[in-house]
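Lettering of chains follows the sequences in order, A, B, ..., and the numbering in each one begins at 1.
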2 protein chains.
Amino acid sequence: MERTKFQLDESQIPSTWYNIAADLPGAPLAPALNPATGAPLTRDEMGATMPEPIIDQELSTERDIEIPEPVRQLYGQWRPSPLYRARRLEQALGTPAKIYYKYEGVAPSGSHKPNTGIPQAYYNKQAGKTGLITETGAGQWGSATALSAALFGLTAKVFMVKVSFQQKPYRRALMESYGAECVPSPSPETAVGRAILAKHPDSPGSLGIATSEALETAATDPSLGYVLGSAANHVLLHQTVIGQEALLQMELAGDYPDIIVGCSGGGSNLAGLTFPFIGAQLRGGPAVRVLAVEPAACPTLTRGSIAYDYADTGRLGPLFRMHTLGHEFMPPPVHAGGLRAHGIGPLVSRAVEDKLIEPIAVGQTGCFEAGVQFARTEGILPAPESTHAIRGAIDEALKCKAEGVGKTILFGLSGHGHFDLVAYDKYFAGTLEDDVVNEEALDLAAASIPRLDGAGA
Amino acid sequence: MERTKFQLDESQIPSTWYNIAADLPGAPLAPALNPATGAPLTRDEMGATMPEPIIDQELSTERDIEIPEPVRQLYGQWRPSPLYRARRLEQALGTPAKIYYKYEGVAPSGSHKPNTGIPQAYYNKQAGKTGLITETGAGQWGSATALSAALFGLTAKVFMVKVSFQQKPYRRALMESYGAECVPSPSPETAVGRAILAKHPDSPGSLGIATSEALETAATDPSLGYVLGSAANHVLLHQTVIGQEALLQMELAGDYPDIIVGCSGGGSNLAGLTFPFIGAQLRGGPAVRVLAVEPAACPTLTRGSIAYDYADTGRLGPLFRMHTLGHEFMPPPVHAGGLRAHGIGPLVSRAVEDKLIEPIAVGQTGCFEAGVQFARTEGILPAPESTHAIRGAIDEALKCKAEGVGKTILFGLSGHGHFDLVAYDKYFAGTLEDDVVNEEALDLAAASIPRLDGAGA
């Protein structure tokens, strides 16, 4: 049988997470700052929202961090996830390139998000929390939180960006099916929400606002653990199960990627797949070209500044040194909701700065086109976020065709698109608008980046 | 690690389908009849809609029928599907029973249907057809046909029951994403459709009507292959990959089911899981109690007659000897659309007659309750069809608890519920109505069963 699926067995689920901070050359990662003092965030300050083991992970420079057995057990429900060779897509493209993809849509909530939802729920339960609180944009992270909370017998409350709450009632219904409460944000439940509603009663919300609402709620109720779906060091760490498995699977395939492509929003899927390969390269292994594909409408890596900025609009959280469009950036409503983030995880930002990752920006129409070609050849309907990686991979494969070279391309298929059929419907109806870059909005948002004396240098 | 997932490797995908006709005791299965002559359907007559290898399978009494390599290769994309021990559900129920489930939602269209869609597309392509034509109720089969057609480079046209077409736009969008054309039925495209629309312009449609439309279209265009999603012998045959894998997986678990539970509509998921176990029993293996759980609103096995009847409302197809409510039965719109069938596969019907399968009927409210309990403990949101099997399994596990006996229960989780969140939403809002059995409608429909001299005896 011609092999197209490279499947590991349960014993090959990684037993440790991979921490790229151990391998980054040069200065250590710039620390998060307390905006009031401008000083690096202390463990005590972090303890307000994070249990001890997560603080350890956030700050650690150890390479391998043990995955607790109950977490590994739950990973086993759908991990190791499959890695496929996209033979029918290659054929349709007529490319000499070999295309592989690592598929995370096999998780029960349909994306890679439970890879970090499960451990965050576990550590919060260990720390005596009885519930989880978080924010969500398109709903992938909210669903993963709802699922993870249910599996550990915790409550879950999710502030969901209002426009998505209204456009995606089925994401909300999925969260409720898992027993979670889902609140449209901005909401009258928090001071941040009330202030925004007073000024803009019709505010469609944003991930930054929802984050502020979740942080404020967590701060007022010590029984709740605040969990987050992307960007933070520990979140990226948890996602490295993806790339570690992919390393073994490429070995099974008797191959190794020349190019790895991931979609890029907060950075967790991208980092999860690529950091273990980048780490191998940094330790003397084969060189890989890593592409981060972001939406042209939210060009954090390709147009953002590298500076200290807030992750949340309400400025309740700390400052992170990262690529940012400014915390007041309101991304246009492109359908890859999971990629509409004004900032990106500091570790990804650093890897881009160090030229370990190469960012590109693409429009959503071309992404849906790639997604449909993928669905019709490989059989899996991709999430709009994932179509960005597919677009990047197809473009590289077509370059190989033009140049007559047979490179090996691996991309991350972060989730399925079963909850995103409204977007596909629009695409087929020809009513899907392509990304428009609003220069004025970019300039205005950039002005919201705080000016810190030297700290951002 | 405490084992909860029993995963086979790709080499353990069955290489043959299992044909229960080889092991049924007593008289051979009653043949399908030509309604015009009352005589058994000839191979020539079957050839009007079926390629040769499918006719062979339809009539075969050989036990093991080889799976073509290209089909097995495509099965490998998601098969072997996982079998799980439902440890957290067991704990939540406080039952001494052990509960296992075989999960078919890992297929790209989210249910077991591609197990037969793939081989039917393969054989039709081999026979020179350039497109597939079929009908669908809730859309699981239509999606599987669209997927299977795309993988073999065939066109696909799907007549979808109008009420589902309107209620489930995302199922339609999924089919379109795979490149299929989806037409609401009754439609003005066929004589059957036009006749019904003339009498009932607002007809919500039914599976029987959609089947007539598809059959009529196939009869007028020899380039199209008619494919079907349930009931037929060859469809049930193709689904036996499920039960064959489950036999190996139960062995891996060091266990064997005392009770197997499946949901029951046309019978394909039920047969797929249970026939290999029933066959083992018929050949002297361990005895199993097999439960078929159907919706109380469409009580084909528990209230139907065993008689020759049409599978389609327009009476274009042959007569099958089966449990039937009458081909004019219009099932109430319960959300398990895949189980709203007036008749059931002749092989399942025969197994029920031979007391190898025990049917029960349950209301949908209790099914959704079971589905939500399952989602919150096991993490997978089940399709409404699948919740019928869960309800049956939970009830048996609770009986075990009451009696203090630790039986082993295996049930079939035929698909995920990601396309059915409207129904879950209604359940949570308390607006989901429970099944009402309309005695008058049952009587009226029963009168539509044709009276054949002796043929039904």
Among B:D9, B:T4, B:V106, B:L174, who wins on heavy-atom pairs under 4.5 Å with chain A? B:L174
Contact list (residues 370-382 of chain A to chain B, heavy-atom gap under 4.5 Å, by number) returns A:V372, A:A375, A:R376, A:T377, A:E378, A:G379, A:I380, A:L381
Between B:R79 and B:E245, is a salt bridge (charged side-chain N to carboxylate O under 4.0 Å, His left out) present by the stated rule, with each step listed? CA-CA 9 Å; B:R79 307 207 69 85; B:E245 288 175 6; 2.9 Å; yes
Mark yes or no for whether A:E104, through its side chain, and A:S81, through its backbone, hold a donor-acceptor pair below 3.5 Å. no
Using only atom types and a distance under 3.5 Å, with no angle test, would you say the side chain of B:K5 pairs donor to acceptor with the backbone of A:G76? yes
Between B:Y84 and chain A, which part of the residue has a heavy atom less than 4.5 Å away: side chain, backbone, both or neither? side chain
Bottom line for A:E176: the part with an atom under 4.5 Å from chain B's heavy atoms is both
Is it true that a side-chain atom of A:R87 and a backbone atom of A:R3 form a donor plus acceptor pair closer than 3.5 Å? yes
Using a 3.5 Å distance criterion without hydrogens, assess whether the side chain of A:E385 forms a donor-acceptor pair with backbone atoms of A:G338. yes
Without swapping roles, check the side chain of A:Q249 against the backbone of A:P82 for a donor-acceptor pair under 3.5 Å. no
Heavy-atom distance under 4.5 Å to chain A: side chain of B:Q77, backbone, both or neither? both
Between the main-chain N or O of B:L410 and the side-chain N or O of B:K102, is there a donor-acceptor pair closer than 3.5 Å? no
Given heavy-atom pairs under 4.5 angstrom as the criterion, report whether the side chain, backbone, both or neither of A:Y170 touches chain B. both
Heavy-atom distance under 4.5 Å to chain A: side chain of B:R85, backbone, both or neither? neither
Donor-acceptor contact below 3.5 Å, side chain A:D425 vs main chain A:L421: no
With a 4.5 angstrom heavy-atom cut-off, is it the side chain or the backbone of A:L147 that approaches chain B, or both, or neither? side chain
For the pair B:H335 and B:F368, name the ring-plane relationship: parallel under 30°, tilted 30 to 60°, perpendicular over 60°. perpendicular
If you count heavy-atom pairs under 4.5 Å between each of B:S109, B:A150, B:A107 and chain A, which one has the most? B:A150
Exceeds 12 heavy-atom contacts within 6.0 angstrom, atom CD of B:Q166: yes
What part of B:Y424 lies closer than 4.5 angstrom to a heavy atom of chain A: side chain, backbone, both or neither? side chain
